[in-house]
Amino acid sequence: MVSLSTEQFKELLGAVNKQSEKCGSFNGCRSRYNGERNPVKVEEFISAISTYKTVESISDANAVNGMPMLLEGDAAEWWRGVKSKATTFADVVKMIRDAFSPPKPAWRIYAEINETKQQRTEPTDTFIRKKRTLFAQLERIPNEADQIDMVFGMLHVQIRERFFRHKIKSFDKLFVDAREAEQVIREREVNTGPKESGPQGGPKRCPHCRKKGHTEENCFKKQNELAKAKAESEAALVKPKLACYGCNAPGLFVPIVLIAARSRILRRQ
């Protein structure tokens, strides 16, 4: 049995660490970035390669040297011009963010947050995830309660009307209640059909009587008018018509006395 002193053991451990660092590389990493100027894509790429670097114990030197394996298109061309400025992996991350995802001013991010509201067919999970991604880009991120206050007012009315804001203490609770609301709405649409809505999400007006709650096909006013017109038409067909014996014009009536006088005049001639 071979025994090692403390110093020998440290030297052996250091050699093993150096060997592992030397072998670690991005050779097996599948993440790629082509220079798309999209903050979400940039952050996804940085998160993926940072995690891979940690798991594979890749040294900063190997990480910097291995960046050409991960960059494509415009990003690869950009890297060839700036790679001499990067000495650590932190430098690489900062340079990628500055070049392809420069920080936006807070007012612009808030404008994007408030720009769109949830559509009726948009899942609540997807809608909230987009808003939280924008919140994460702020230098001073609001606390969770303030974020919920802003997001809650942008939820679709069919979702928002099914629970109270003061009972929502976290996004997890909001997700649970929203999913339950969506399930109820789907069940209602299966049983009764989707509710027709106007341009602003409210019920449509009937084009004939301009009242809400029904369509033109089910409009009682239109049905009554059609029935009345049909009855008048049928009555007109049944009613006898009087015609003038002299000119045959419908609707004119010539008394019998005048007809007899005309007959006598014709006989005399």
Side-chain angles (χ1 to χ4, degrees), residues 30-52 67 70-79 82 89-183 185-186 194-195 197-202:
R30 297 182 179 181
S31 297
R32 298 291 184 272
Y33 179 64
N34 60 4
E36 181 179 357
R37 297 182 181 277
N38 185 330
V40 176
K41 297 293 184 181
V42 172
E43 293 303 322
E44 288 178 353
F45 174 71
I46 291 175
S47 177
I49 63 175
S50 298
T51 302
Y52 191 90
M67 289 307 297
L70 309 177
L71 301 177
E72 300 174 341
D74 293 339
E77 184 177 357
W78 162 81
W79 176 252
V82 301
F89 185 72
D91 294 337
V92 175
V93 171
K94 184 178 184 305
M95 291 166 62
I96 291 176
R97 283 199 177 107
D98 292 343
F100 300 102
S101 180
K104 299 178 183 178
W107 66 267
R108 188 177 296 278
I109 296 176
Y110 279 114
E112 292 183 13
I113 291 173
N114 295 293
E115 183 178 7
T116 57
K117 293 186 176 183
Q118 182 187 16
Q119 302 302 307
R120 190 178 70 85
T121 57
E122 183 179 12
T124 305
D125 292 13
T126 302
F127 176 76
I128 294 178
R129 185 175 64 250
K130 293 177 181 178
K131 300 301 181 182
R132 296 185 76 180
T133 300
L134 293 172
F135 280 123
Q137 297 177 26
L138 291 167
E139 184 177 353
R140 291 180 294 179
I141 301 176
N143 59 52
E144 189 172 21
D146 291 339
Q147 293 183 36
I148 294 175
D149 282 337
M150 285 184 276
V151 172
F152 188 83
M154 291 182 283
L155 296 177
H156 192 273
V157 64
Q158 289 184 335
I159 301 295
R160 195 173 64 245
E161 68 183 359
R162 297 187 177 277
F163 43 81
F164 297 101
R165 167 65 187 93
H166 68 272
K167 293 184 178 181
I168 305 298
K169 303 299 182 181
S170 65
F171 275 113
D172 292 336
K173 173 64 174 173
L174 179 57
F175 286 138
V176 172
D177 290 351
R179 293 189 190 107
E180 179 64 24
E182 290 172 345
Q183 181 63 29
I185 293 172
R186 283 194 294 269
K195 184 178 180 181
S197 59
Q200 302 301 325

* To do: With side chain to side chain contact (heavy atoms under 4.5 Å, CB included) as the test, would you mind laying out the steps for Lys94 and Asp91 before giving the verdict?
  => CA-CA 5 Å; Lys94 184 178 184 305; Asp91 294 337; 5.9 Å; no
* Taking C-beta and beyond as the side chain, do Gln137 and Pro39 meet within less than 4.5 Å on heavy atoms? -> yes
* Asked: Under 4.5 Å between any side-chain heavy atoms of Met67 and Met95, yes or no?
  -> no
* **Smallest separation among heavy atoms of Met154 and Asn114, with atom names** => SD-CA, 3.8 Å
* **Student check: side-chain heavy atoms of Arg165 and Asp149 closer than 4.5 Å** => yes
* To do: Walk me through it: do Val157 and Arg160 pass the test side chain to side chain contact (heavy atoms under 4.5 Å, CB included)?
  => CA-CA 5 Å; Val157 64; Arg160 195 173 64 245; 4.2 Å; yes
* Any donor-acceptor pair under 3.5 Å from Tyr33 side chain to Glu36 backbone -> yes
* **Pairwise side-chain contact, Leu71 with Phe45, heavy-atom cut-off 4.5 Å (strictly under)** => yes
* Asked: Is it true that a side-chain atom of Gln147 and a backbone atom of Pro142 form a donor plus acceptor pair closer than 3.5 Å?
  -> yes
* Under a 4.5 Å cut-off applied to non-hydrogen side-chain atoms, are Ile141 and Arg132 in contact? -> no
* Hey, are the side chains of Ile96 and Val92 touching, using non-hydrogen atoms and a 4.5 Å cut-off? -> yes
* To do: Please answer whether the main-chain N or O of Ser170 pairs with a side-chain N or O of Glu144 as donor and acceptor at a distance below 3.5 Å.
  => no
* Say whether, by atom type as modelled, one donor and one acceptor occur between the side chain of Glu182 and the main chain of Thr124 under 3.5 angstrom. => yes
* Looking only at side chains, do Ser101 and Glu43 share a donor and an acceptor under 3.5 Å apart? -> no
* Is the number of heavy atoms from other residues, nucleotides or ligands within 6.0 Å of CD (Glu112) greater than 12? -> yes
* Do Arg37 side-chain atoms and Ala99 backbone N/O form a donor-acceptor pair below 3.5 Å? -> yes
* Asked: Does any non-hydrogen side-chain atom of Met150 lie less than 4.5 Å from one of Phe135?
  -> yes
